[in-house]
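Read the structure below first, then the notes.
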Amino acid sequence: MNSETAIPETPAFQPDSRQAWTRLALALVVGSLGSVGMWSVVVVLPAVQADFAATRGAASLAFTFTMAGFGIGGVVVGRLTDRFGIVASIALATVLMAIGYVLSAFTTALWQFVLLHLLIGAGSSATFAPLMAEASHWFERKRGIAVALAATGSYIGGTFWPPIVSWGMLNLGWRPTQVGIAVITTVLTLITLAVLRAKMGANERRSHANAPPPKVDLQLSHNALTAILFIAGIGCCVAMAMPQVHIVAYCSDLGYGAARGAEMLSVMLALGIISRVGSGFLADRIGGLRTLLVGAIAQGVALMFYLFFDGLSSLYIISAMFGLFQGGIVPAYAIIVREAMPASQAATRVGIVILGTIAGMSLGGWLSGVIFDATGSYRAAFVNGVAWNLFNVTIVTWLLMRARKRTNMTLRAAA
């Protein structure tokens with residue numbers, strides 16, 4: 001069934017209603033469960049490396065493949081969501097992720113484990129970008145906070161999944177833990193999806209025929225705007241990756257120890273939850289583009305502080321600042337897509353743009369390591385992050401200027 005023959009929204013559902021908030025709560029549960037695909041590989045990595053007698057670099061390819069699958073899967077699942085609905089798409093992706101986990105438990109070579117994480121990442125992606133796009137259809141006045149909350153599932157999952165996976169690995173071994181993840185996430189996710197489908201009823205496959213037109217006109221084709229946002233996403237996330245990927249190693253180099261760096265990363269991610277929720281409230285007031293600009297400028301300021309302060313207390317404070325500043329950046333892209341593009345293309349377009357942010361995170365993590373190897377210091381890597389952040393700010397500022405120009409032209413024409 002395609003979007004043209006889809007069952008239309010029933011009059012019983014009203015955007016921003018209690019029913020909409022119930023759907024969002026269920027979506028948050030689904031997002032938190034599905035995010036295990038992003039976090040489990042980080043925890044089992046040392047055990048997998050030892051089991052296969054591999055180098056750390058070779059074992060780390062599993063994370064690289066996870067992120068690649070996450071980015072590409074977001075586009076594919078987004079397209080499926082636009083055609084068949086969010087429930088069917090996430091159910092399919094969850095089953096595929098479970099298959100990836102089970103098969104990974106029986107691998108006999110590292111390359112098999114690494115390759116299967118492409119499937120795990122793709123399955124996990126269904127509970128991020130497509131879920132943000134779907135949540136945007138349930139709200140109009142509170143769309144910003146809804147999208148931000150839907151995106152928060154990945155950070156919530158990043159809080160509770162690592163200790164659970166760590167416990168399983170230490171008490172059962174990493175292979176049984178992989179199977180356990182598959183069983184637990186599949187059962188809980190499918191149950192939650194069944195409840196969500198019951199709440200959505202006939203709206204599970206929606207028609208966008210009566211959807212309101214885009215609010216923002218940037219005088220760009222949808223493909224051009226998608227490409228520009230994709231490039232902007234690379235810029236902001238290359239910068240974002242520097243502290244997120246390397247803060248532990250940075251603290252180790254400074255003599256503070258890896259444990260201190262891990263604590264800083266936890267603080268960063270925890271405050272990222274607050275940032276995402278806050279950015280949602282802000283987007284409902286000033287729009288997605290302005291929210292993205294505010295977050296990008298703030299992220300750049302935090303990055304610059306890393307250049308001038310490296311004391312232990314200072315790094316805790318700066319990392320907390322960075323978490324508060326950067327958490328709302330990625331959801332802002334989904335809000336911009338919904339403000340400037342047709343509702344019928346939302347999940348697909350959001351998936352493409354989020355792929356850019358994933359590519360930026362992957363590139364930024366790798367590039368920072370290369371710069372450190374070349375210079376023997378993370379200072380140049382932080383400078384590189386600031387430069388990429390400035391590139392992002394420039395693009396977003398240009399888009400805002402186009403929007404303002406369009407508004408002024410419209411007002412003069414009306415006069």
Side-chain angles (χ1 to χ4, degrees), residues 1-32 77-78 80-91 126-153 156 189 191-217 276-289 291 328 331-351:
M1 180 178 290
N2 57 34
S3 58
E4 285 76 12
T5 60
I7 301 172
E9 289 280 0
T10 61
F13 176 76
Q14 294 295 326
D16 300 284
S17 64
R18 179 179 296 181
Q19 185 183 5
W21 288 103
T22 300
R23 293 183 185 184
L24 183 60
L26 292 168
L28 187 58
V29 174
V30 171
S32 301
V77 179
L80 292 174
T81 299
D82 282 333
R83 288 177 59 84
F84 303 110
I86 190 67
V87 173
S89 300
I90 292 183
T127 59
F128 190 65
L131 205 57
M132 282 194 290
E134 181 64 24
S136 72
H137 295 304
W138 303 336
F139 293 83
E140 292 179 4
R141 291 182 294 104
K142 301 294 184 181
R143 179 176 292 158
I145 185 61
V147 170
L149 284 172
T152 302
I156 295 175
T189 301
I191 290 174
T192 308
L193 286 174
V195 177
L196 178 59
R197 189 181 189 285
K199 293 295 182 182
M200 296 177 69
N203 303 325
E204 195 272 320
R205 294 187 189 87
R206 69 178 64 251
S207 169
H208 299 287
N210 298 319
K215 296 180 180 179
V216 179
D217 184 358
R276 285 195 168 173
V277 176
S279 70
F281 282 107
L282 185 63
D284 285 330
R285 287 158 177 77
I286 66 174
L289 269 173
T291 300
Y333 287 103
I335 297 169
I336 293 168
V337 169
R338 284 294 284 114
E339 289 176 341
M341 300 189 201
S344 60
Q345 303 175 18
T348 303
R349 300 283 182 179
V350 170

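In what follows, every heavy atom counts, from backbone to side chain, and hydrogens, waters and symmetry copies are set aside. One-based numbering along the sequence shown.
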Open item on the list: What verdict does the side-chain contact (heavy atoms from CB on, under 4.5 Å) test give for Leu196 and Arg23, after you've listed the backbone C-alpha separation in whole Å, the side-chain angles of each residue and the deciding distance to 0.1 Å?
Closed with: CA-CA 6 Å; Leu196 178 59; Arg23 293 183 185 184; 4.0 Å; yes
- [ ] Please identify each residue that fulfils ring pair (Phe, Tyr, Trp, His ring centres under 6.0 Å) with Tyr333, with sequence neighbours left out.
- [x] none
- [ ] Look only at the side chain of Arg285 and the backbone of Phe281, and say whether a donor-acceptor pair between them is shorter than 3.5 Å.
- [x] yes
Task: Spatial distance of atom CD1 (Ile156) from atom CG (Leu28) [nearest 0.5 Å] - done: 4.0 Å
- [ ] Under the side-chain contact (heavy atoms from CB on, under 4.5 Å) rule, collect the residues that match up with Val29, sequence neighbours excluded.
- [x] Leu33, Thr192
Task: N/O donor-acceptor pair under 3.5 Å between Ser89 side chain and Ile86 backbone - done: no
TODO: Examine distances only and state if a side-chain atom of Glu339 and a backbone atom of Gly287 form a donor-acceptor pair shorter than 3.5 Å.
DONE: no
Task: side-chain contact (heavy atoms from CB on, under 4.5 Å) involving Ile336 - partner list, sequence neighbours excluded - done: Leu229, Leu289, Leu292
- [ ] Under the side chain to side chain donor-acceptor pair (under 3.5 Å) rule, collect the residues that match up with Thr348, sequence neighbours excluded.
- [x] Asp82
Open item on the list: So, using side-chain contact (heavy atoms from CB on, under 4.5 Å) as the criterion, who are the partners of Ala91 when residues are at least two apart?
Closed with: Leu190, Leu193
Task: Residues in side chain to side chain donor-acceptor pair (under 3.5 Å) contact with Ser32, at least two apart in sequence or another chain - done: none
Task: Ala151: partners by side-chain contact (heavy atoms from CB on, under 4.5 Å), with sequence neighbours left out - done: Phe128, Met132, Arg276, Pro331
- [ ] Evaluate the criterion side-chain contact (heavy atoms from CB on, under 4.5 Å) for residue pair Val87 and Met200; output intermediate values, then yes/no.
- [x] CA-CA 10 Å; Val87 173; Met200 296 177 69; 4.3 Å; yes
